[in-house]
Amino acid sequence: MSRINHQVRLAARPVGEPRPTDWEHVEEPAVEPGDGEFLVQVLCLSIDPAMRGWMNAGRSYIRPVEIGEVMRAGAVGRVIASRHSGFAVGDHVSGSFGVQEYCVSDGRDVTKVDPEAAPLPTYLGALGMSGLTAYFGLIDIGRPEPGQTVVVSGAAGAVGSVVGQIAKILGCRVIGIAGGESKCRLVVDEFGFDAAIDYQKEDVRKALREHAPGGVDVYFDNVGGDVLDAVLLRLARGARIVVCGAISQYNSTTPQGPGNYLSLLVNRASMTGMVVFDYADRYAEGIAQLAAWRAEGRLKSLEDVVSGGVAAFPETLMRLFRGENHGKLVLKIAD
């Protein structure tokens, strides 16, 4: 059967905020799988802040998306044709399939998922890379101890919401920083944080004095900028900062670094960058624990699913930078 594959390719490297002209929408016949390959129909795409960094040229933790290349994206899909002994037609799978409707794979870095155990979008969120980032970043780098205070920025997002819930499971006091009243209510009422700070309306440093009078033991940073600087001034002795992201800076042509970094010296604290790919050999461990907590009702997942197919990708990505998503942002490609 002849299938048309709609794709979104990178047409130009953005300067500042991505524009519609930075993308090219392409139609081409879907490729049939060869020996040892299978064809995936993409059903849902993961929309992540890291995508903005992948669009830039230059050295990073992963190679940049090249001009003319299908935009990189994690996804879940269904195998619809197979010449691979390990993957059968009808299997549901997760992998880096890109912003397109069909993808041929040889099975490397592809994982089977069970749509009966959890909705497919959840495998892009709490049971996917977002959950794994939260799990390894908090536990391995943050090293929280029961009774300690953990602060999370981007607390209503895909990673931050899971970080806070894991910290509560581990017996910590958890404070979330988010933008807007609805997100702050979500953080406390749905995800069980002890308190939330609305950085759009509150003085973050003053609010931290109220909610964390003994200082911040672990800070999981997803936003950078002014929020990071405010938390740096409230560190406890021996605090650990996990640098996961800096969404406030991704579209800036003059990124702002931390001005209060000497607080690390004063408080004998540490600030460590975290990339989830470094834990690839432990993914099974992380997913097993996250799935167990979810089955026990101790870990909630929230997916913000947008319909519209691959054509809606550029606008959906910009929702992240406007702070319009609640939980994990997912673009639905097909049923």
Side-chain angles (χ1 to χ4, degrees), residues 16-18 46-52 121-122 124-126 130-131 133-134 138 149-168 173-212 216 218-234 242-252 255-256 299-308 312 314-331:
E17 240 181 47
S46 177
I47 308 298
D48 299 294
M51 288 173 158
R52 180 61 185 84
T122 303
L124 299 175
S130 299
T133 299
L138 180 65
T149 297
V150 175
V151 173
V152 186
S153 59
V159 173
S161 62
V162 177
V163 170
Q165 291 180 84
I166 295 174
K168 287 298 296 181
R173 173 171 171 77
V174 183
I175 302 162
I177 302 174
E181 293 180 10
S182 65
K183 288 188 176 182
C184 287
R185 285 196 302 271
L186 179 72
V187 162
V188 174
D189 297 342
E190 180 70 15
F191 298 128
F193 288 44
D194 294 288
I197 298 170
D198 183 353
Y199 73 84
Q200 294 178 349
K201 293 185 176 180
E202 297 182 71
D203 181 318
V204 175
R205 185 181 175 189
K206 181 179 178 181
L208 284 171
R209 285 200 298 269
E210 175 188 347
H211 294 299
V216 176
V218 179
Y219 175 48
F220 198 105
D221 187 27
N222 291 300
V223 303
D226 293 337
V227 172
L228 171 60
D229 259 337
V231 179
L232 278 167
L233 292 177
R234 295 300 305 163
V242 184
V243 181
C244 178
I247 195 171
S248 71
Q249 306 299 302
Y250 288 164
N251 290 322
S252 175
Q256 171 191 340
L299 177 65
K300 296 181 180 179
S301 59
L302 176 63
E303 293 79 42
D304 190 342
V305 180
V306 176
S307 298
E315 174 60 22
T316 306
L317 177 64
M318 292 311 300
R319 287 190 59 183
L320 284 176
F321 301 107
R322 295 194 295 260
E324 295 175 358
N325 62 298
H326 289 61
K328 175 64 185 178
L329 185 58
V330 175
L331 177 59

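Keep in mind that this is a model prediction, so the values were computed, not measured.
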Are the side chain of [X] and the backbone N or O of [Y] linked by a donor-acceptor pair below 3.5 Å?
{"X": "Q249", "Y": "Q256", "value": "yes"}
{"X": "R52", "Y": "I247", "value": "no"}
{"X": "D48", "Y": "M51", "value": "no"}
{"X": "E324", "Y": "L320", "value": "no"}

With sequence neighbours excluded, tell me which residues meet side-chain hydrogen bond (donor to acceptor under 3.5 Å, both in side chains) with [X].
{"X": "S153", "result": "Y219, D221"}
{"X": "N325", "result": "none"}
{"X": "R205", "result": "none"}
{"X": "E315", "result": "R322"}

Taking the side chain as C-beta and beyond, is there a heavy-atom pair between [X] and [Y] under 4.5 Å?
{"X": "I175", "Y": "F193", "result": "no"}
{"X": "F220", "Y": "V151", "result": "no"}
{"X": "D304", "Y": "K328", "result": "no"}
{"X": "T133", "Y": "C244", "result": "yes"}
{"X": "N222", "Y": "V152", "result": "yes"}
{"X": "V204", "Y": "D226", "result": "no"}
{"X": "V218", "Y": "T149", "result": "no"}
{"X": "V174", "Y": "F191", "result": "no"}

Considering all heavy atoms of both residues, which atom of [X] and which atom of [Y] are nearest to each other, and what is their separation?
{"X": "S130", "Y": "G125", "result": "CB-O, 3.5 Å"}
{"X": "A158", "Y": "S161", "result": "O-OG, 3.5 Å"}
{"X": "R234", "Y": "A212", "result": "NH2-O, 3.4 Å"}
{"X": "A196", "Y": "E202", "result": "O-OE2, 4.1 Å"}
{"X": "A230", "Y": "L208", "result": "O-CD1, 4.2 Å"}
{"X": "A195", "Y": "V188", "result": "C-CG2, 3.9 Å"}

[atom2] on [Y] to [atom1] on [X], rounded to 0.5 Å:
{"X": "E303", "Y": "S46", "atom1": "CD", "atom2": "OG", "result": "10.5 Å"}
{"X": "L331", "Y": "I47", "atom1": "CG", "atom2": "CD1", "result": "5.0 Å"}
{"X": "K300", "Y": "L186", "atom1": "NZ", "atom2": "CG", "result": "9.5 Å"}
{"X": "I197", "Y": "H211", "atom1": "CD1", "atom2": "NE2", "result": "5.0 Å"}

Exercise. What pairs with R209 under salt bridge (Lys or Arg N to Asp or Glu O under 4.0 Å), at least two apart in sequence or on another chain?
Worked result: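 Scan of R209 (salt bridge (Lys or Arg N to Asp or Glu O under 4.0 Å), adjacent residues dropped) gives none.
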
Exercise. Does any pair with a residue in residues 177-200 pass side chain to side chain donor-acceptor pair (under 3.5 Å), and if so which ones, sequence neighbours excluded?
Worked result: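 For residues 177-200: K168-D194, E181-K201, S182-H326.
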
For this session: Apply side chain to side chain contact (heavy atoms under 4.5 Å, CB included) to V231 and I177, showing your working.
Result: CA-CA 10 Å; V231 179; I177 302 174; 4.2 Å; yes

